[in-house]
Amino acid sequence: MPELPEVEGVVQALKPEIEGRTIKQVQLSEIIRFSFSEGKQCIVKQSEPDAFEMALTQMTIQKIERRAKYIFFHLLKEDVSYILVSHLGMTGAWFVVNSPEEIGEAKFKKHIHATFQMTDGGYLIYSDIRRFGELRFLAQLADHAPLTKMAPEPFDEAASDFFIAKSLLPKYEKKAVKEVIMDGQVISGCGNIYATEALFAQKIHPARKMNRISEKRKRQLFEAIVAVLRQSIEAGGSTISDYRNINGGAGSMQNRLKMYGKKICPECGTDTSQMTIGGRTSVFCPNCQH
DNA sequence: GATAAACTCCGGTTGC
DNA sequence: TGCAACCGGAGTTTA
């Protein structure tokens, strides 16, 4: 499942391939169309499928950037700018190919949901096995309110102070630390994998209440999150489950994970424990983490 | 009104 | 071999 480092890898791979190119034609899948006719917004949000395809035709992709776990495609048509917001959900993947047939893995080829044919030939393709991802065409980010409520990028100078301030709010102070750090309105881009790793690195129990952690420890935890995110970006992300980069390739961070998905603590050899926190499976060492 | 918990989307994977 | 249970970002709905 793609988290911030994986999305960063996708964006870095897409940039040289796609920036500056113009979309000739867009084709959405029959599943998207059928779901829409049933009243559901499958992958494509806030737009009718026909309107989405029409709107993106002749758009030039000026710039691609990552924000939290989102990909922003900055678009331009007839001097007016727009944004295509993409979230990969659990199983979304982008491919840049000369023909859709080039997608090697059957399960990705089978679940193609958006095909962007470019004016210079070639295709930008969005595939999504479980359809948890989203494509949202907007005139401006404010047209989707949650995007304006995101915490700053964890690498921003102000992000640590932002985290401290948020953690003191009544809404968060009595919650489990893991639930808080995974909230995109508190810290951007920290999903289950990296929250698990950072809490283990800091020997903090994932269920510990926020108000039972000192400011100093909170700042240390924040730094641990930033460190593990940076390390993972350098390693090309974690290849777990259905994440692939745009070449269908794999990162290596999964080999460096110390607690996520582990049965035994690598530090002390104790069997790890599991519990559900904020609706998510959480792994920790009952001996090391307090 | 603010907050929280429940619910929704889905198919590959796992376990019986 | 078949089949039900399970999992999870982020948004929406219900309590």
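Keep in mind the model is a prediction, meaning the values are calculated, not measured.
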Chemist: Check whether NZ of the Lys or CZ of the Arg A/K203 lies under 6.0 Å from the centre of the six-membered ring of A/F200 and within 45 degrees of that ring's axis.
Modeler: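 Judged by the rule (NZ or CZ under 6.0 Å from the ring centre, within 45° of its axis), A/K203 counts as positioned above A/F200.
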Chemist: Rounding to a whole Å, what distance do you find between A/F36:CZ and B/dC9:C1'?
Modeler: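 Interatomic distance, CZ of A/F36 to C1' of B/dC9: 16 Å.
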Chemist: To the nearest angstrom, how far is A/K149 atom NZ from B/dT3 atom P?
Modeler: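 About 11 Å, once rounded to whole Å.
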Chemist: Looking only at side-chain N and O atoms, does A/R130 come under 4.0 Å of OP1 or OP2 in B/dC9?
Modeler: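 Checking B/dC9 against A/R130, no side-chain N or O comes under 4.0 Å of OP1 or OP2.
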Chemist: So, is A/K175 near the phosphate of B/dA4, with a side-chain N or O under 4.0 Å from OP1 or OP2?
Modeler: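 The answer is yes; a side-chain N or O of A/K175 sits under 4.0 Å from OP1 or OP2.
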Chemist: Taking C-beta and beyond as the side chain, do A/R66 and A/V10 meet within less than 4.5 Å on heavy atoms?
Modeler: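 A/R66 does not reach A/V10 side chain to side chain.
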Chemist: Supply the atom-to-atom distance A/N287 CG to A/T270 OG1, rounded to the nearest 0.5 angstrom.
Modeler: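 Between A/N287 CG and A/T270 OG1, I get 4.0 Å after rounding to 0.5 Å.
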Chemist: For a 4.0 angstrom threshold against heavy atoms of chain A, report the outermost contacting nucleotides of DNA chain C in 5' to 3' order.
Modeler: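 The footprint of chain A covers C/dC7 to C/dG11.
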Chemist: Enter the distance from A/I64:CD1 to A/Q62:CD here, rounded to the nearest 0.5 Å.
Modeler: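 With rounding to 0.5 Å, CD1 (A/I64) is 11.5 Å from CD (A/Q62).
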Chemist: Can you tell me how far C1' of B/dA6 sits from CD of A/E179, to the nearest Å?
Modeler: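 Computing the A/E179:CD to B/dA6:C1' distance gives 13 Å.
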Chemist: With a 4.0 Å cut-off on heavy atoms, is A/R280 in touch with a base, just the backbone sugar-phosphate, or nothing at all?
Modeler: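 A/R280: base contact, heavy atoms under 4.0 Å.
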Chemist: Within the structure shown, what part of the strands sits under 4.0 Å from A/Y172 by heavy-atom distance: base, sugar-phosphate, or nothing?
Modeler: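 The answer is nothing, as A/Y172 stays clear of every strand by at least 4.0 Å.
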Chemist: For A/K45, which contact category applies under a 4.0 Å heavy-atom criterion: base, sugar-phosphate, or nothing?
Modeler: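 Answer is nothing: A/K45 stays at 4.0 Å or more from every strand.
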Chemist: Parallel, tilted or perpendicular: which one describes the rings of A/H113 and A/H111, with boundaries at 30° and 60°?
Modeler: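 Judged by the thresholds at 30° and 60°, the geometry between A/H113 and A/H111 is tilted.
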Chemist: Please round to the nearest 0.5 Å and tell me the distance separating atom CD of A/E134 and atom SG of A/C42.
Modeler: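 With rounding to 0.5 Å, CD (A/E134) is 12.0 Å from SG (A/C42).
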Chemist: Taking atom C1' of B/dG11 as reference, at what distance in whole Å does atom NE2 of A/H111 sit?
Modeler: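 It works out to 7 Å between those atoms.
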Chemist: Measure NZ/A/K174 against C1'/B/dA2 and give the value in whole Å, please.
Modeler: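 Taking NZ of A/K174 and C1' of B/dA2, I get 14 Å after rounding.
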Chemist: Could you state the CD1-P distance from A/I31 to B/dC10, rounded to the nearest angstrom?
Modeler: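 Rounding to the nearest Å, CD1 of A/I31 and P of B/dC10 are 9 Å apart.
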Chemist: Just how far, in rounded Å, is C1' of B/dG11 from CZ of A/F132?
Modeler: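 Those two atoms, CZ and C1', are 9 Å apart.
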Chemist: Angle between ring planes, A/W94 versus A/F116, binned at 30° and 60°: parallel, tilted or perpendicular?
Modeler: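 Tilted.
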Chemist: How long is the line joining CG of A/L169 and C1' of B/dT3, in whole Å?
Modeler: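 It works out to 13 Å between those atoms.
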